[in-house]
Protein chains: 2
Amino acid sequence: MSVPGKLKLVEEDRKAEDYRLDEQVGFVLRKANQRHLAIFAARIGDLTPPQFATLAKLYEVGETSQNRLGQLIAMDAATIKGVIDRLKARRLVALTPHAQDRRRLLVDLTDEGRTAIEALLPIAHEVTDETLAPLTPREAATFLRLLSKLADG
Amino acid sequence: MSVPGKLKLVEEDRKAEDYRLDEQVGFVLRKANQRHLAIFAARIGDLTPPQFATLAKLYEVGETSQNRLGQLIAMDAATIKGVIDRLKARRLVALTPHAQDRRRLLVDLTDEGRTAIEALLPIAHEVTDETLAPLTPREAATFLRLLSKLADG
DNA sequence: CGGAATTCGTTCGTGTACAAATGATATACC
DNA sequence: GGTATATCATTTGTACACGAACGAATTCCG
């Protein structure tokens, strides 16, 4: 017999009725993400997380091609395209064709984009802190370690 | 036995250049989610996670109103509408007007939907297991505990 | 009782996400 | 050197996700 309420959720003794959606990693992961998104939106309403990630990464690595940037922030080509289009429309990034490789499109921060991201980085730190606030510092460190293992497979 | 100065990523002494996107909870959360989605899609290609969650929850609680169902699986009214529309088009759920409250629309599994979810629940367990596979059972338990704290705020 | 506030579902608009197909260009290698 | 293969960006189509505004129905409360 399974003992409900104990922390043993191992792969034994399972029946269909044992499935509780609210305890599945995927579901909780989605909810955790939702909470983070809400915190992000409350503090950085002006930019979405993917848009912010794009600027932050560009700030970190400098000019790169669109696809490579997508790889760096784990977005596929179709997705990054839209993000960059919107950032470009707001003049936060600029595109120039690659001199040697005519397939490529180089993306870089504009001065305006650089100013924006520099102003946002401290706030982004706060977003991280607030997201992790339910955990003690020790728990947060553990959590991040395990989360990274999970994310990287 | 604590390693002095090693894993101290506390909120001290920060500069803008200290921000590394790849270490922020939000970013890693998004990547972990992506990995989970890929595992889910590989095993349950036929249904999306929101669609699956909808069926699983209906299986758990039985007939409910559309909005209440949305609350149970953390989806807003606009989102659940689309999900239910698509499930309805595939005859996995059926809608009936509420007898007393004419604003409400009751959703329930069809026989076909019930059969489908019953067949999928064991596979869903495997999805959870595979997602958690990078962690030891002990780590997985810790992770889920911390993740829940994070998700619930 | 009756108007105010709430709830339920719907629609619209914007922004991810990703698969699949496409065209243009580059690289490999035979 | 020229074709097979790979890469880069784009487009199309589907599916969340959520804010905001809306009409219809219900509940609250004075």
Side-chain angles (χ1 to χ4, degrees), chain A residues 26-27 29-42 44-55 64-90 92-93 95-107, chain B residues 26-27 29-42 44-55 64-90 92-93 95-107:
Chain A
F27 186 74
L29 226 30
R30 180 166 147 276
K31 284 210 304 176
N33 219 44
Q34 279 179 355
R35 177 165 164 272
H36 171 72
L37 280 254
I39 293 169
F40 189 101
I44 309 184
D46 191 37
L47 237 42
T48 65
Q51 288 167 8
F52 172 82
T54 301
L55 297 186
T64 18
S65 75
Q66 197 173 277
N67 274 8
R68 179 163 147 63
L69 183 57
Q71 288 164 12
L72 291 173
I73 53 185
M75 279 188 230
D76 75 2
T79 302
I80 191 83
K81 168 99 172 50
V83 175
I84 287 185
D85 279 354
R86 285 178 286 274
L87 290 174
K88 183 187 164 200
R90 294 175 58 178
L92 297 174
V93 303
L95 304 178
T96 38
H98 190 286
Q100 282 76 47
D101 188 338
R102 283 187 300 179
R103 292 169 307 178
R104 292 193 212 180
L105 213 42
L106 294 174
V107 196
Chain B
F27 186 74
L29 226 30
R30 179 166 147 276
K31 284 209 303 174
N33 220 42
Q34 279 180 354
R35 177 164 164 274
H36 170 73
L37 280 253
I39 292 169
F40 189 100
I44 310 184
D46 192 38
L47 237 44
T48 66
Q51 289 168 7
F52 172 82
T54 302
L55 296 185
T64 16
S65 75
Q66 196 173 280
N67 273 7
R68 179 163 146 62
L69 183 57
Q71 289 165 13
L72 291 173
I73 53 185
M75 279 188 231
D76 75 1
T79 302
I80 191 84
K81 168 107 176 43
V83 175
I84 287 187
D85 279 354
R86 285 178 285 273
L87 290 174
K88 183 187 164 201
R90 294 175 57 178
L92 297 174
V93 302
L95 304 178
T96 37
H98 190 286
Q100 281 77 48
D101 189 339
R102 282 186 301 180
R103 292 169 307 179
R104 293 192 212 180
L105 214 43
L106 293 174
V107 197

| message | Enumerate the side chain to side chain donor-acceptor pair (under 3.5 Å) contacts for residues 64-78 of chain B, please, sequence neighbours excluded, ordered by first and then second residue. | response | B:Asp76-B:Thr79
| query | With side chains defined as the heavy atoms from C-beta onward, is the minimum distance between B:Leu69 and B:Ile84 less than 4.5 Å? | reply | yes
Return the value, rounded to whole Å, for the distance between atom [atom1] of [X] and atom [atom2] of [N].
X       : N      : atom1 : atom2 : result
A:Leu37 : C:dG15 : CG    : P     : 15 Å
A:Asn33 : C:dT16 : CG    : P     : 14 Å
B:Leu29 : D:dA17 : CG    : P     : 14 Å
B:Arg86 : D:dG13 : CZ    : P     : 17 Å
B:Gln34 : C:dC18 : CD    : C1'   : 10 Å
A:Ile84 : D:dC8  : CD1   : C1'   : 12 Å
A:Phe40 : D:dC18 : CZ    : P     : 15 Å
A:Ile80 : C:dG15 : CD1   : C1'   : 13 Å

| Which residue lies more 5' along DNA chain D, comparing B:Gln51 with B:Arg102 via nearest heavy atoms |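 The answer here is B:Gln51.
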| field | Partner set under salt bridge (Lys or Arg N to Asp or Glu O under 4.0 Å) for A:Arg30, not counting sequence neighbours | value | none
| said: Just to verify, which of B:Leu95, B:Leu87, B:Ile80 counts as forming a side chain to side chain contact (heavy atoms under 4.5 Å, CB included) with B:Val107? | reply: B:Leu95
| Any B:Thr79 side-chain N or O less than 4.0 Å from OP1/OP2 of D:dC16 | no
| OP1 or OP2 of C:dT16 less than 4.0 angstrom from a side-chain nitrogen or oxygen of B:Arg30, does that happen here? |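 Checking C:dT16 against B:Arg30, no side-chain N or O comes under 4.0 Å of OP1 or OP2.
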| task | Can you check each nucleotide of nucleotides 5-13 of chain C against protein heavy atoms at under 4.0 Å and return B for base, S for sugar-phosphate only, - for none, in 5' to 3' order? | result | --BSBBB--
| Just how far is it from atom NE2 of B:His98 to atom CZ of B:Arg104, taken to the nearest 0.5 Å? |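 CZ of B:Arg104 is found 5.0 Å from NE2 of B:His98.
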| Separation of B:Ile39 CD1 from B:Ile44 CD1 (nearest 0.5 Å) | 11.5 Å
| Residues A:Arg90, A:Asp46: salt bridge by 4.0 Å N-O rule |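 Salt bridge: yes.
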| Starting at the 5' end of DNA chain C, which residue's closest nucleotide do you reach first, A:Pro50 or A:Gln100? | A:Pro50
